[in-house]
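Everything below concerns the one structure shown next.
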2 protein chains.
Amino acid sequence: MINEQTANPKIASTIQRQVNRAKILRTLRTLQPVARVDLARETGLSRATVSSIVDELVLESLVEEIGATTSRGGRRPILLRVRPGREGRSAIGFELSRNNLTGVVVDLHGRVIATHRELLPAGQLEPAGLVELVRQQVERLTGPQAPAAHNLVGIGLGVPGLVNPDTGFVQLAAQFGWHSVPLKEMLEERLKVPVKVMNNVKAAALGEVIYSNDTPDHSPNPRLYLSLGEGIGSGLIIEGKLLSGASYTAGEFGHITVAPNGPLCTCGNTGCLEAVAGLPALVSRYLELARLEEPNRLTTTPGEFPFLTSARFLEAVSAGDRLAGRVVAEAAEQIATALAGVINFTNPELIILGGPLGQVGAALLDPLNQALRRRALPLPLSQVRLITASLGVNAAGLGLGATLISQLSEVVLSR
Amino acid sequence: MINEQTANPKIASTIQRQVNRAKILRTLRTLQPVARVDLARETGLSRATVSSIVDELVLESLVEEIGATTSRGGRRPILLRVRPGREGRSAIGFELSRNNLTGVVVDLHGRVIATHRELLPAGQLEPAGLVELVRQQVERLTGPQAPAAHNLVGIGLGVPGLVNPDTGFVQLAAQFGWHSVPLKEMLEERLKVPVKVMNNVKAAALGEVIYSNDTPDHSPNPRLYLSLGEGIGSGLIIEGKLLSGASYTAGEFGHITVAPNGPLCTCGNTGCLEAVAGLPALVSRYLELARLEEPNRLTTTPGEFPFLTSARFLEAVSAGDRLAGRVVAEAAEQIATALAGVINFTNPELIILGGPLGQVGAALLDPLNQALRRRALPLPLSQVRLITASLGVNAAGLGLGATLISQLSEVVLSR
DNA sequence: ATACTAAGTTTAGGTACTAAACAAACTTCT
DNA sequence: AGAAGTTTGTTTAGTACCTAAACTTAGTAT
């Protein structure tokens, strides 16, 4: 299904060339539509070099001419742009969650050109089964005859678990009972395209940060994506790169201690943020408060207890339920304690709140901002913008897709 | 005093050349003494290119031949090494502290070839006065006629305060009453060499990390230097680069909340680590405990109170004073709470304990390690090595010197 | 002595850049 | 309308820097 010959014509180019290609692509992306002269002026390269590189990029389906524009006193400039849609090249990002596989096709502009979401089959999901599911979705998303398959830059997959993003090796994915699965290898073997595998929350972090349009893609400053849900995780992006850490576990925000003598956490520590502000803790707290306030309402109907799910709790929050609001406000206080520490320590320029609890709006944001003003240092706090995630279930897919796309204009200095 | 002409012959070289120069210098540093053939094999460059670049490096006093070695069956290889000592090139790193100016000359091997430490003159220190002091020390350290002055790569200065390391602009140095001082500009103007100005704790972080010889210089993984003293600061190094943050305040470890309802901190928050484990807090705690245990010893001689300085407290710790040990153990518990959070969140491979309190040894390390085992996640904890700082007062100077030296083999991809 | 081998240099050829000349496609001025 | 001037994009000539291969140098082995 994949034509290897045409897949990547820029195999052997010098470092010089790579750098200049990257310069041109970067400038093109930000200034498009734009003429060669302007690219030359902007990049500092000669017009000759720009022409030569643009020719290459056109051959590779990365760039296209979109006709001449109005004259500026002489010959009319020919406008160029990054080639959009299925005619240009594209990447597919997938997210594997407990019950779904969600795929997104991203074009060279970073725009979504197709999505597909499907339920996982019942029963235990084996790695080989996932590979097959991904293959099917790739076919569906690119078309059965895969007409533009040679234009596929690569595919990415976000997995809930411990993944080494360099090797694409899944060390542990507890939800599926996986240990030591070379998922990247398996997918590349089957699909014959470059594959990127990483943790799903981290992929979502990349997506939300890149698509926030709040800060330049390669800003050196830390940007943090916080996922607030059953668990509390995060992705920290520094110099445009996701921080992995020595054992690929960087970003464990949920196990920061916020109440030294607090409740026992599943990790063995006491007072972890997750133990006091994870959704299960909030549900318990809600029940506790409800019982205190109206001993009759809930204690007399014990059958109702198991039915207060996280989802229902969040509905109650959105509906303006007073008690639920109070529980969220308490959680916000705890989250702020950990977040203030991270703001002081890493001095980020952007924080994006995601995950189910991150989306509830003012019920969380107001008390959170208040507490941050008390707990964080004024200077770093003044530099950070706190916003809400906006990509929903496509976040991880978009992050992976955009990452693959941006690798097209990356310089590889082989050590 | 400085000859600008000979200062930097590698002004206009292509990116290709820069990359290859860097490759060769890196390999040379790790494999020296080494012959051209081996450099060629190791770097993948042709012997011709290696010869050409080595010629350049020799001209620039960066590299020297040290004669032929034994034959391996044919012509004897000529060994090369990075040129050591004053004959090679060198950099000078300074640290400005409350009372001293400490200078260190570092050669291309990263070795100290001279140091000088002097008391600051009495009275208010003005920026212009500091510039003059630095100039004098540079002259003393390189010799009055500055014979090797053209071999000076640059000078660095660590300042206790808020510094933008890119511009060398000191935004605030409270100890000296400085606001908005363009110190780098002033020093470059006066000394006619490249100057790097940064925060002193961060410079020390670079020094301790680089000289720890524990991890490769450009390890992607986070490495943390913790300075425990009156205040508690840190420097976080990721991908071999110091993290600055959006307002150049990254590394504020002392204002992580470890006791949400604890004592008020100078920053306005309650329960900051610094407020419970900074040296002043430990001294107070010691007096409190002493009073409880032996109401007579201290309360009857009130004149003794002001004499318990931080220095004396640390002596008591070293002397094995039981109470002091208990106070340090309590502090270790608090430090571990914050540190566990940082270990979980950044997943570092190395943590270096510095500052006066960081040096007390087992009194701190034992309870700290114990508490970390309780509080930090097992996987990231298992990847981190916790060691003690080893460079003393020269840490910042060495960090700056080594940074300047390593900039010689850095590739600048002007965006 | 002769043959072999390895290290380092020189040479010929290729890639990729720039400056400058040129060609193409406009506008403006008389 | 025709000549002159502008601007864009391409071609050309020259330069920097790489590699492969030939060559020189300086040894060892027989």
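Reminder, nothing fancy here: chain letters follow the sequence lines and each chain counts from 1.
Contacts of I113(B) classified as side chain to side chain contact (heavy atoms under 4.5 Å, CB included), with partners at least two apart in sequence or in another chain: R86(B), S90(B), V105(B), D107(B). A402(A) is linked by a side chain to side chain contact (heavy atoms under 4.5 Å, CB included) to I210(A), Y211(A), counting only residues two or more places apart in sequence or in another chain.
Between R21(A) and E60(A) there is a salt bridge, since a side-chain N of the basic residue sits under 4.0 Å from a carboxylate O of the acidic one. A salt bridge is defined here as a Lys NZ or Arg NE, NH1 or NH2 lying under 4.0 Å from an Asp or Glu carboxylate O, and K184(A) with E188(A) meets this definition. Classification of E65(A) and R81(A) as a salt-bridged pair fails, no side-chain N sitting under 4.0 Å from a carboxylate O. With respect to R29(A) and D217(A), no salt bridge is recorded, no charged nitrogen being found less than 4.0 Å from a carboxylate O.
We find that CD1 of I78(A) is positioned 11 Å from P of dT8(D), with the value rounded to whole Å. Atom CD1 of I53(B) is separated from atom C1' of dT9(C) by 15 Å (rounded to the nearest Å). In this structure, CZ of R36(B) is placed 14 Å from C1' of dT10(C), rounded to the nearest angstrom. Distance, I15(A) CD1 to dT15(C) P: 17 Å, rounded to whole Å. Rounded to a whole Å, the CZ atom of R17(B) is 18 Å from the P atom of dA16(C). Across the protein-nucleic acid pair, L39(A) atom CG and dG9(D) atom C1' stand 12 Å apart, rounded to whole Å. The distance from atom CZ of R41(B) to atom C1' of dA7(C) is 12 Å, rounded to the nearest whole Å. The CD-C1' distance, from Q16(A) to dT15(C), rounds to 10 Å in whole Å.
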### Message
Please encode protein proximity along nucleotides 19-30 of chain C as a string of B, S and -, counting only heavy-atom distances under 4.0 Å.
### Response
B----BBBS---
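Close to dC17(D), at under 4.0 Å from its OP1 or OP2, lies no side-chain N or O of N20(B).
In the set dC17(C), dA16(D), dA7(C), the nucleotide with an atom closest to the side chain of P77(B) is dA7(C). Of the candidate nucleotides dT18(C), dT8(D), dC17(D), dT18(C) has the atom lying nearest to any side-chain atom of T49(A).
Between the CG atom of L39(B) and the NZ atom of K23(B) there is a distance of 12.5 Å, given to the nearest 0.5 Å.
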